[in-house]
Amino acid sequence: MNDRTPSEELRSARWFAKDDLRSFGHRSRLKGMGFDDEDYMGKPVIGILNTWSDLNTCHSHFKNRVEEIKRGVLQAGGFPVEVPVMSLGEMLMKPTTMLYRNLLAMEAEESLRCHPIDAAVLMGGCDKTVPALIMGALSANIPFLFFPAGPMLKARWKDQTLGSGTDAWKFWAERCAGNLCEGEWKEIENCIARSAGTCMTMGTASTMACIAESLGVTLPNAGSIPAVVSEHSRLAVASGRLAVDLAVQRLKPLQLLTRESFLNALITQLTLSGSTNAIVHMIAMAGRAGHRLTLDDYDAISKKVPVLADLRPSGKYLMEDFYNAGGLAALLQQLRDVLHLDAKTVNGMTLGEQIQNATVIDPLVIRDRSNPLWLTGGTCVLRGNLAPDGCVIKTVAADPKLQKHTGPALVFNSYLDMKQRINSPELPVTPESVLVLRSAGPIGAPGFPEWGMLPLPDKILKLGVRDMVRISDARMSGTSYGTCVLHVAPESHIGGPLALVQDGDLIELDVESRSLNLLVDPETLEERRRAWKKPIVRWQRGYLKMFSEHITQANQGCDFDFLHGNDADLEPEI
Ligand code: FES
């Protein structure tokens, strides 16, 4: 077997190279699948973790892309193996894909560890698939690169350009206000999702794809290439080739990703005015790599970083425009003074080298540093007696007039309560009210769903009002907008102060001073706290039981407490 014996350096050699009964079994079963020694012996085995599913609308092109990745692996002399893992399709999975992010992360980690895989290509895109796959691969510490699904093409309706999510919320408000007929609403339904790919606004999927690029775990510009253009196919082939290189170099992710890599990711999320969900995911991903990121890190950087990408929901344009304008590299090139340029990337360059030749092609989409969309603090962290462990607000997507606001609370005890009462003609609501939703956090909901952009009551919409202050322990979709205070921690289910708010209590939001306070005296709050009863947890078995016992709070990344960190050197017995 001399010239076919795999290098002892390859991890897969433990499965295939020995002259013993176990290796005989592994080799003979591959032969049973039609592979010869020439297919795999001595070659890096590249695991392609594929999150394709018929129920994941954003990954419908992955059946083609996986073949293209395999082509790249074969070109570079590797042996490609496709490994299907759980698919988290944002649109059809209920109550929320966030309930399953950690489950996919566990599956990815264990799938990588238990198989003869030397390096991996992670195929994800729809929101939670990105952090989940990266979290798992970091904990397994197997060389990998990430392959993003890419955004959908821009949608058109009449003379308007439509962006997924964002324009659905916008036109639904008009429909509720009686300004859009059924036929027009149907026309929008028919055209708003134009192609395969992820939401083409700067929602969570686009934010996380760009964050992966800024972390250095994708090929350059991978974060914005539209899903259905030929460059996306070429990206797939090139990703396959690079994975073989990573296997040969044994470039492990824990060598690659430093705390500075994650600080670059924070800067990226801020300058894109990306999804608030990404804050939770970045804390969780950093935790898997052994780095501590906090909301204070985020807020400190928020005070220095301008919003330069004019993308919906905060701005005007869509991902296809961003790609044509130069993509992430062109954007980051303008922020060299705040970035950590020495951070390494999978292609062997530093981040600074990777972006140095990038130029902005369209300054309307990627603004010049002298003409930012928002000077600093496009998203920021608030604290106060209503959120002792912090909460977040995307100021750039909120009505400036509401960013300093005091109003009476109107409390919904649960999502169901909100749905049943929000459009009641008797609802005691005015445009000054502060809508409060509780039992919507990581444990209370469960799963930390995207309920934080509470719908405005019909009677408010009919007054022509389109924004109100809303506060919850939920998240909101990255495509959402409005004066929504999110991720209030600790959540109400475990006795966070949100649990103590009563209708009519005054709540003071002051973004400039980074504060959120319930204007109720401490004695009254203490009295309410003593009377508060911890809600009964309804799920007593299975995954939901494990989830509710081990999920951490929003400010801690919502990872399971037992998954934090990694098992960098743990290898299975063979
Ligand atoms: Fe998949 Fe938006 S629904 S990215």
Side-chain angles (χ1 to χ4, degrees), residues 50-63 65 85-101 104 122-134 146-155 161-172 188-213 218 222-228 232 269 272-278 280-281 311-314 317-320 322-323 394 397 447-453 474-481:
N50 190 351
T51 52
W52 174 86
S53 149
D54 266 336
L55 291 174
N56 190 332
T57 56
C58 303
H59 295 182
S60 60
H61 54 319
F62 271 12
K63 279 192 170 179
R65 294 294 174 270
V85 288
M86 188 179 193
S87 187
L88 309 179
E90 200 66 25
M91 295 311 292
L92 300 175
M93 200 170 205
K94 306 296 174 194
T96 166
T97 51
M98 187 63 180
L99 185 58
Y100 301 106
R101 183 198 69 181
L104 172 56
L122 311 178
M123 298 179 71
C126 193
D127 294 19
K128 315 304 178 293
T129 58
V130 187
L133 290 168
I134 294 176
F146 184 77
F147 173 77
M152 284 185 258
L153 296 177
K154 292 194 283 189
T161 301
L162 298 187
S164 42
T166 304
D167 287 302
W169 315 122
K170 188 177 101 180
F171 284 110
W172 178 244
I188 292 171
E189 177 183 311
N190 289 343
C191 70
I192 197 165
R194 184 167 163 219
S195 71
T198 52
C199 293
M200 70 299 228
T201 45
M202 185 44 74
T204 305
S206 300
T207 307
M208 291 309 301
C210 289
I211 281 174
E213 184 180 335
T218 70
S224 61
I225 301 173
V228 294
H232 198 259
Q269 188 271 352
L272 289 167
S273 187
S275 165
T276 45
N277 292 328
V280 180
H281 300 322
L311 299 170
R312 294 182 208 184
S314 312
Y317 297 98
L318 295 172
M319 286 304 287
E320 198 180 328
F322 183 58
Y323 164 70
K394 190 170 183 176
F448 204 16
E450 294 181 337
W451 295 339
M453 181 190 175
R475 298 176 300 117
M476 76 174 181
S477 164
T479 62
S480 300
Y481 54 88

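Along the sequence shown, residues carry numbers from 1. Order of appearance sets the numbers: ligands from 1, and atoms from 1 within every ligand.
Using a 4.0 Å cut-off between charged side-chain N and carboxylate O, R101 and D127 make no salt bridge. The residues K128 and E450 are annotated as salt-bridged, a charged nitrogen and a carboxylate oxygen being separated by less than 4.0 angstrom.
The contact set between ligand 1 and A205, taken as ligand atoms under 4.0 Å from a residue heavy atom, comprises 4 (S). Counting the atoms of ligand 1 from 1 in the order shown, those under 4.0 Å from a heavy atom of D127 are 4 (S). Residue T198 has at least one heavy-atom neighbour below 4.0 Å for each of these atoms of ligand 1: 4 (S). Within ligand 1, the atoms closer than 4.0 Å to a non-hydrogen atom of M91 are 3 (S), numbered from 1 in the order shown.
With atom 1 (Fe) of ligand 1 as the vertex, SG (C126) and SG (C58) define an angle of 110°, rounded to 10°.
A donor-acceptor contact under 3.5 angstrom links the side chains of W169 and T479, judged on distance only.
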Practice problem: Could you walk me through whether F322 and L272 pass side chain to side chain contact (heavy atoms under 4.5 Å, CB included), step by step? | Solution: CA-CA 10 Å; F322 183 58; L272 289 167; 3.8 Å; yes

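The proximity of C199 to ligand 1, defined as any non-hydrogen pair under 4.0 Å, involves the side chain as well as the backbone.
For the pair H232 (side chain) and P226 (backbone), a donor-acceptor distance under 3.5 Å is absent.
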